[in-house]
Amino acid sequence: MVGPGRPLFVLFGSSIVEFSYGNGGWGAILADYYARKADILVRGYAGWNSRRAVQVLDKIFPKNAAIQPALVIVYFGGNDSCIPHASIKGPHVPLQEYIANMEKIAVHLMGLSEKTRIIFLSCPPVNEEMHRLTQDSKLCVTNRSNESCKKYSEACKQLCWRMDLKVIDLFTIIQEHDDQSTPCFIEDGIHFSAEGSKVLAREILKAIRNADWKPTLYCNAMLPEFAEDSDYDSE
C-alpha cells in the first residue's frame, strides 16, 4: 500500500480487460486521465468467462478488505457468447447461466461498500470477416458471431436495468464506430485497436460524468493529490 490513499478503480474481466494497457488501450487512457486522482488496478484474465469469474469473487474482492473500490468496471460476455463446441469444452456459457453469473457478480460488488460504484460493459460485437481470416483456412469457420454477441449484450443490459446499475452498450457503440478507415479491432476481429479503446474510454468517462454519484468520480471534478504548485515553478 502506498499512501496517502486515492480512490481505487478496479477493471475486472477477461482479455479485453487484461490487454487494456497495451496498444493505446482503454485502461491506459483512463489511468492517464486519473493521474494523481485515482489508482486503477487491472484484474483481467484472458479466456475467462462469467463462470470462472464467480469462482474468484471472494479472492479478488474480499468483503473484509480495509479498503474497498470506489468503482468497479466489469466485462464478461465475449467468451460466454462463443458458439458451443461439439465436445462441450470451450468458453461458452449458456445464456441463462450467464445472466445468473452476472447477477452474482453484481450482488457481491454491491455488498462491498455503500460507496462502491459499478459499471458493466455489455458484450461487444466481433468483426466476423477479420476473425474468420485468423481461423483455420481449411475449415473457414469461426466460433463467434454477432448474432450471439447481440443476445448476450441485450441480456447484460436488461439485467443492469433491472438492478439499477450503469451499463455501457458496447455492442451498439462499437458497431457504429467500426469501419475500414478507423477499425475498432486488431487483426483478430475481437480485441480492441487503439481506436476502439478510445471509443470505450470516452463512453466510460461520459457515464461517470453523467452519474449522480456523491462524491463524484469524474476526473475533471476531482482534486489532484497534493497541490499542483511547486517550489521549482518560475514566477
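One is the number of the first residue; the rest follow in order along the sequence.
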Flag yes if Ile186 and Phe192 sit in one hydrophobic cluster, no otherwise; membership is Ile, Leu, Val, Met, Phe, Trp, Tyr, and two members link when side-chain heavy atoms are under 4.5 Å apart.
no
Once rounded to the nearest 0.5 Å, what's the spacing between atom CD1 of Ile190 and atom CG of Asn127?
10.0 Å
Salt-bridged, Glu225 to Lys37, with N to O below 4.0 Å?
no
Kindly say whether Phe76 contributes a backbone atom to a donor-acceptor pair with the side chain of Tyr98 at under 3.5 angstrom?
yes
Who pairs with Lys166 by salt bridge (Lys or Arg N to Asp or Glu O under 4.0 Å), at least two apart in sequence or on another chain?
none
Quiz question: by atom type and distance under 3.5 Å, do the side chains of Asn79 and Arg144 form a donor-acceptor pair?
yes
For the CG atom of Leu165 and the CZ atom of Arg117, what is their distance to the nearest 0.5 Å?
11.5 Å
Give the intermediate values and the outcome of side chain to side chain contact (heavy atoms under 4.5 Å, CB included) for residues Asp169 and Ser153.
CA-CA 7 Å; Asp169 182 0; Ser153 177; 3.6 Å; yes
Less than 4.5 Å apart, side chain to side chain, heavy atoms only: is that true for Cys123 and Leu170?
no
Got a sec: does the OH of Tyr33 have more than 12 other heavy atoms crowding it under 6.0 Å?
no
Salt bridge flag under 4.0 Å for residues Asp58 and Lys63:
no
Carboxylate-amine/guanidinium contact Glu97 Arg51, below 4.0 Å
yes
Check: Asp80 and Tyr152 side chains under 4.5 Å, non-hydrogen atoms:
yes
Neighbour count above 12 (heavy atom, 6.0 Å) for Asp164 CG
no
Could you tell me the separation between the OG atom of Ser50 and the CD atom of Gln55, rounded to the nearest 0.5 Å?
10.0 Å
With a 3.5 Å cut-off and no angle check, do the side chains of Thr182 and His177 form a donor-acceptor pair?
no
Can you name the closest pair of heavy atoms from Phe185 and Met130 and give their distance?
O-CE, 3.8 Å
What side-chain donor-acceptor pairs closer than 3.5 Å can you find for residues 194-202, not counting sequence neighbours?
unit_1	atom_1	unit_2	atom_2	d
Ser197	OG	Trp26	N	3.1

Under the 3.5 angstrom rule, does the side chain of Asn146 hit a backbone N or O of Cys149 as a donor-acceptor pair?
no
If Ile, Leu, Val, Met, Phe, Trp and Tyr residues are connected whenever their side-chain heavy atoms lie under 4.5 Å apart, and connections chain through other members, are Trp48 and Ile105 in the same group?
yes
Check: Lys206 and Asn210 side chains under 4.5 Å, non-hydrogen atoms:
yes
Ignoring hydrogens, what is the shortest heavy-atom contact between Arg162 and Glu103? Give both atom names and the distance.
NH2-OE1, 3.3 Å
Does any non-hydrogen side-chain atom of Ile119 lie less than 4.5 Å from one of Ile208?
yes
Atom NE2 in His108, atom CD1 in Ile60: separation rounded to 0.5 Å?
9.0 Å
Are Val56 and Val10 connected into the same hydrophobic cluster when the rule is that any two of I, L, V, M, F, W, Y join if their side-chain heavy atoms are below 4.5 Å apart?
yes
Applying side chain to side chain contact (heavy atoms under 4.5 Å, CB included) to Met163 and Val107, what does each step give before you reach the verdict?
CA-CA 9 Å; Met163 299 186 72; Val107 169; 3.9 Å; yes
Ser148 side-chain N/O to Ser81 backbone N/O, donor-acceptor pair under 3.5 Å
yes
Is Arg209 reaching over with its side chain to a backbone N or O of Leu217, donor-acceptor style, under 3.5 angstrom?
no
Is a side-chain donor or acceptor of Asp188 paired with a backbone partner of His131 at a separation under 3.5 angstrom?
no
With a 4.5 Å cut-off on side-chain heavy atoms, are Pro124 and Ile16 touching?
yes
Looking only at non-hydrogen atoms, find the nearest pair between Leu121 and Tyr75 and report the distance.
O-CD1, 3.7 Å
Give the cluster check for Ile99 versus Ile168: same hydrophobic cluster or not, with ILVMFWY residues linked at side-chain heavy-atom distances below 4.5 Å.
no
Looking only at atom types and distance, does a side-chain atom of Gln68 sit under 3.5 Å from a main-chain N or O of Pro62, one as donor and one as acceptor?
yes
Please check: side-chain N/O of Tyr21 versus main-chain N/O of Gly24, any donor-acceptor pairing under 3.5 Å?
no
Does the side chain of Ile118 reach to within under 4.5 Å of the side chain of Phe120, using non-hydrogen atoms?
yes
The test is side chain to side chain contact (heavy atoms under 4.5 Å, CB included); show your working for Leu205 and Leu30 and say whether it passes.
CA-CA 8 Å; Leu205 291 172; Leu30 293 178; 4.0 Å; yes
Check: Pro91 main-chain N/O paired with Asn49 side-chain donor or acceptor under 3.5 Å
yes
Does a side-chain heavy-atom distance below 4.5 Å link Leu11 with Val74?
no
Counting N and O atoms only, with roles assigned by atom type, does the side chain of Tyr45 sit under 3.5 Å from a partner on the main chain of Ser15, one being a donor and the other an acceptor?
no
Partner set under ring-ring contact (aromatic ring centres under 6.0 Å, His included) for Phe61, not counting sequence neighbours
Phe12
Rounded to the nearest 0.5 angstrom, the OG-CD distance for Ser145 and Glu128 is 6.0 Å
For Glu18, is there an ion pair with Arg43 - N to carboxylate O distance below 4.0 angstrom?
no
Non-hydrogen side-chain atoms of Pro125 and Lys150 separated by less than 4.5 Å
no
Short question: side chain of Ser193, backbone of Pro183 - any donor-acceptor pair under 3.5 Å?
yes
Path from Val17 to Tyr34 over hydrophobic side-chain contacts below 4.5 Å
yes
Smallest heavy-atom separation, Leu112 atom then Pro69 atom, equals CD1-CD, 4.1 Å
